[in-house]
Amino acid sequence: MTCDYIELALPGVRQLTPYQPGKPIEELERELGITGSVKLASNENPLGPSLRAMDAARGVIEGISFYPDGNGFALKAALATHTGSTPSQITLGNGSNELLELVARAWLAPGREAIFSEYAFAVYPIVTQAVGATARVARANPADHAMPHGHDLDAITDLINADTRVIFVANPNNPTGTWLTRDALEAFLDRVPESVIVVLDEAYFEYVEEDAYPNGMAWVGRYPNLIVTRTFSKIYGLAGLRIGYSVSSPQVADVLNRVRQPFNTSLIAQAAALAALGDREHVAESVRVNREGLVQLVAGCEARGWGHIPSVGNFLCIDVGANAGGIYQALLREGVIVRPVGNYGLPNYLRVTVGTSKQNERVLAALAKVRGA
Ligand SMILES: *Cc1c(COP(=O)(O)O)cnc(C)c1O
């Protein structure tokens with residue numbers, strides 16, 4: 001090999017660190033020669049997908065020799081009703097991650113800037129850097145704040161300048177699980193110039209039950225620079241199918257649709273997502289299991305004197321003191337996969353996805369065992 005293909009790549013790409021996904025169960029079991037492990041590392045739904053979504057997926061399987069509907073007519077119509085918008089405001093993505101990437105491709109470039117918070121979702125820096133734009137990282141709330149490590153919207157607005165094109169805000173945020181109130185976000189949206197795109201990432205929207213937690217869809221008509229993203233990967237239990245969506249002004253949706261691949265969401269994903277959206281019982285049951293599971297995990301931490309970041313998502317960051325990496329490895333040997341978040345700047349924490357009551361019990365017991373507590 002006479003060429004260095006890394007050297008030949010775009011400057012932003014050269015410096016990228018690939019996204020680190022949660023370890024797949026099959027990989028762990030292959031490596032350790034064990035069975036019966038549990039994965040609570042990627043915020044997947046422990047109840048699995050809706051039965052109606054699986055039936056719908058099976059129902060379209062014979063049609064996979066055809067391209068999917070590139071405009072996603074049926075799914076967009078249902079999402080428009082679901083979100084109180086129109087199909088022209090909706091963009092479908094191969095997971096909501098793809099929508100984040102489309103935003104970067106459409107509005108960011110070298111010389112342009114994106115703002116996001118410290119401890120924010122890892123995909124924001126990746127998509128920003130991949131297109132050579134500059135990332136401005138806003139200081140997060142301090143550790144002794146009511147929302148420790150959460151977004152500080154004032155710190156974000158302080159970083160806005162003439163080169164700012166995009167702001168990424170996660171509500172609630174992953175991995176911290178912290179959230180922003182309706183009043184705080186509305187005041188923020190009022191302050192951001194219309195020329196700056198605000199991406200409000202609501203991947204965990206369906207889980208949140210706080211009264212002061214806002215529905216971003218209610219603002220899309222008022223703020224033409226706002227893009228609200230949601231996903232079928234979390235509460236709907238369809239992470240393996242890769243489908244998410246955004247709602248924005250029609251003109252912003254038009255831009256996103258110019259840069260997306262014509263068939264970015266599959267036939268099976270569209271059919272399953274449509275059915276999942278209609279299965280209100282599955283969503284309600286998932287919310288209930290998550291609410292009880294969070295209480296169980298928090299109680300387990302408090303009983304043992306472990307710190308944690310208060311979360312409204314389907315995950316909890318547990319403070320394991322020093323050496324979270326070693327504890328993560330020891331948990332793997334117990335057949336329990338969680339997520340280290342040192343790459344987020346939270347080296348003392350492990351992020352645990354809320355599982356079934358049995359799974360939560362298992363992770364707490366395993367953690368107690370490996371910590372010798
Ligand atoms: C999981 C997650 C997503 C998106 O995941 P997709 O599977 O690509 O839809 C987006 N934002 C946050 C904050 C997440 O945690």
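First listed ligand is number 1; within each ligand, the first listed atom is number 1.
- Close contacts of ligand 1 with Asn174, meaning ligand atoms under 4.0 Å from a residue heavy atom, involve 13 (C), 14 (C), 15 (O).
- Side-chain N/O atoms of Asn225 and Glu194 include no donor and acceptor closer than 3.5 Å.
- Using a 4.5 Å cut-off between side-chain heavy atoms of Ile, Leu, Val, Met, Phe, Trp and Tyr, with links allowed through other members, Trp219 and Val196 fall into the same hydrophobic cluster.
- Ligand 1 has no nitrogen or oxygen under 3.5 angstrom from a nitrogen or oxygen of Glu98.
- Ligand 1 is never approached by Asn43 to a heavy-atom distance shorter than 4.0 Å.
- Proximity to Gly95 (heavy-atom distance under 4.0 Å) selects the following atoms of ligand 1: 6 (P), 8 (O), 9 (O).
- Between the Arg165 side chain and the Glu113 main chain, no donor and acceptor come within less than 3.5 Å of each other.
- Of all protein heavy atoms, the one lying nearest to atom 11 (N) of ligand 1 is Asp201 OD2, 2.6 Å.
- At a cut-off of 3.5 Å, with distance as the only test, a side-chain donor of Thr176 or Asn173 sits close to an acceptor on the other residue.
- The shortest N/O to N/O separation between Arg242 and ligand 1 falls below 3.5 Å.
- The backbone and the side chain of Ser96 each have at least one atom closer than 4.0 Å to an atom of ligand 1 (non-hydrogen atoms only).
- Checked by atom type, the side-chain pair Tyr19/Asn97 shows no donor-acceptor distance below 3.5 Å.
- A heavy-atom separation below 4.0 Å is found between Tyr204 and ligand 1.
- Listed by number with element, the atoms of ligand 1 under 4.0 Å from a non-hydrogen atom of Ala203 are 2 (C), 3 (C), 10 (C), 11 (N), 12 (C), 14 (C).
- Residue Ser233 places at least one N or O, backbone or side chain, under 3.5 Å from an N or O of ligand 1.
- Residues Tyr344 and Phe121 are in side-chain contact: their nearest non-hydrogen atoms beyond the backbone lie under 4.5 Å apart.
- If you check the side chains of Gln270 and Asp69, you find no donor sitting under 3.5 Å from an acceptor.
- In this structure, Asn264 contributes its side chain and Leu92 its backbone to a donor-acceptor pair below 3.5 Å.
- Looking from atom 2 (C) of ligand 1 to the surrounding protein, the closest heavy atom is Lys234 NZ, 2.4 Å.
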